[in-house]
2 protein chains.
Amino acid sequence: MYICIVKLEQAIQSTKFKSEVQKAGLNILYTAWWLKTVMSRELKEFGLTHEQYNVLRILKGKHPELMCVKDIACRMIEKSSNVPRIIDRLEIKKLVKRATSEADKRETVISLTQSGVAVLEASTKALNAIYDEIMTISEEDASSINELLEKVRENES
Amino acid sequence: MYICIVKLEQAIQSTKFKSEVQKAGLNILYTAWWLKTVMSRELKEFGLTHEQYNVLRILKGKHPELMCVKDIACRMIEKSSNVPRIIDRLEIKKLVKRATSEADKRETVISLTQSGVAVLEASTKALNAIYDEIMTISEEDASSINELLEKVRENES
DNA sequence: TTACAATACATGTATATACATGTATTAGTT
DNA sequence: AACTAATACATGTATATACATGTATTGTAA
């Protein structure tokens with residue numbers, strides 16, 4: 001059973017918004033929370049948190065090449081993630097291994113263990129299934145969202 | 001100076017996405033993180049976290065009526081927020097007051113203090129200014145986002 | 001009316017976020 | 001080459017998230 005509250009108005013019990021733009025801000029925040037909740041519930045079956053999964057997924061992108069902490073950090077969705085600490089938990093679960101870089105001893109290089117690869121593959125399969133199940137929008141609508149969100153972010157000051 | 005990474009591909013250093021739908025998921029998560037970061041930086045000037053601000057804003061909606069903890073909780077954007085603990089911090093800063101409900105002694109009723117109202121008003125002004133500055137999309141685009149995000153969430157299983 | 005379930009909130013725990021600081025190593029400057 | 005700055009990461013702190021458990025109060029049913 002998933003949390004199913006379609007309308008933002010119902011979700012946050014509020015009907016007055018200053019503008020569509022402000023409502024869009026709340027909608028983005030709420031939808032992200034909803035997505036994270038659904039994904040986390042699935043990942044829990046594999047003993048992973050959302051952030052731990054993200055690190056594994058990033059490592060997989062270069063596997064079997066090693067990656068240093070800062071290269072993982074700059075690929076994280078949430079840039080303020082404390083990557084060394086997330087790696088701590090993954091290391092305890094023997095899903096990744098740490099080593100000091102030969103080339104630059106300041107760097108710690110991380111690699112996926114075989115068990116890390118296995119857990120990642122299984123959890124990715126489960127996540128994809130959940131995505132197919134809950135995100136039933138069309139590719140066209142998804143494209144529109146991607147365009148619009150990049151428009152939202154295209155500002156500096 | 002704001003974080004300005006327009007394209008998702010740059011932001012998370014990834015170019016391959018399984019589908020537009022999956023990319024939309026990442027885009028929603030990343031945009032939410034970006035929005036929260038910008039807002040939090042502004043709120044810091046007032047000694048507030050994003051969540052503390054949310055609780056104040058919700059209380060304002062009924063002010064000067066009192067609200068109990070569960071009524072605040074169900075209006076939060078992030079439903080898993082631990083509202084009693086957020087109220088702890090606000091109480092220490094004398095922005096809200098706790099009292100036991102007369103009608104039902106299990107309930108704790110919360111009210112904004114005068115200083116709470118003042119801080120909320122000032123921070124809301126600052127946040128609105130930031131919103132105007134960074135969210136320069138049109139009302140029409142914002143409406144499209146609202147429609148599409150509600151389409152994204154309209155699924156259960 | 002007593003017993004039990006449900007409700008409302010407080011509190012505890014593990015992990016994450018956001019940010020500051022500490023420590024080792026490398027790069028750059030004189 | 002010695003000194004200083006910068007870099008990479010580890011670690012510390014306050015708050016939040018996500019969830020479990022504890023405690024007081026209320027509702028309900030025998």
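This is a predicted model, so every value here is computed, not measured. Chain naming here is simple, since letters A, B, ... match the order of the sequence lines and numbering starts at 1 in each.
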Can you give the donor-acceptor pairs under 3.5 Å from side chains of residues 60-67 of chain A to other protein atoms, not counting sequence neighbours?
none

Inset, instruction - Give a yes/no on whether any side-chain N or O of A/S81 is located under 4.0 angstrom from OP1 or OP2 of C/dT17. - result: yes
Inset, instruction - Answer yes or no: does a side-chain N or O of B/T49 lie under 4.0 Å from OP1 or OP2 of D/dA16? - result: yes
Legend entry - By side chain to side chain donor-acceptor pair (under 3.5 Å) - contacts of B/N82 (at least two apart): none
Legend entry - Within residues 93-107 of chain A, residues whose heavy atoms come under 4.0 Å of DNA chain D: A/R98, A/R106, A/E107
Nearest-Å distance, [atom1] ([X]) to [atom2] ([N])?
X: A/N54; N: C/dT15; atom1: CG; atom2: P; result: 17 Å
X: A/N82; N: C/dT21; atom1: CG; atom2: C1'; result: 13 Å
X: A/I92; N: C/dA14; atom1: CD1; atom2: P; result: 12 Å
X: A/I87; N: D/dA8; atom1: CD1; atom2: P; result: 14 Å
X: A/R89; N: C/dT17; atom1: CZ; atom2: P; result: 11 Å
X: A/K36; N: D/dA16; atom1: NZ; atom2: C1'; result: 11 Å
X: A/Q52; N: C/dA16; atom1: CD; atom2: C1'; result: 10 Å
X: B/R41; N: C/dA20; atom1: CZ; atom2: P; result: 12 Å

Legend entry - Near-strand residues of residues 67-78 of chain B, defined as heavy-atom separation under 4.0 angstrom from DNA chain C: B/C68, B/V69, B/K70
List in chain and number order the residues that pass salt bridge (Lys or Arg N to Asp or Glu O under 4.0 Å) with [X], two or more places apart in sequence or in another chain; answer none if no residue qualifies.
X: A/R85; result: none
X: A/E78; result: A/K36
X: A/R106; result: A/D104
X: B/E9; result: B/K23

Inset, instruction - Assign B/K44 to base, sugar-phosphate, or nothing according to its heavy-atom contacts below 4.0 angstrom with the strands shown. - result: sugar-phosphate
Inset, instruction - Using the closest heavy atom to pick a nucleotide of DNA chain C for each, name whichever of A/R85 or B/T108 lands nearer the 5' end. - result: B/T108
Legend entry - All pairs passing salt bridge (charged side-chain N to carboxylate O under 4.0 Å, His left out) where residues 136-148 of chain B contributes a residue, at least two apart: A/K151-B/D141
Legend entry - Gap separating the CH2 atom of A/W34 from the CZ atom of B/R153, nearest 0.5 angstrom: 8.0 Å
Legend entry - Pairing of B/R98 and B/D88 as salt bridge, 4.0 angstrom limit: yes
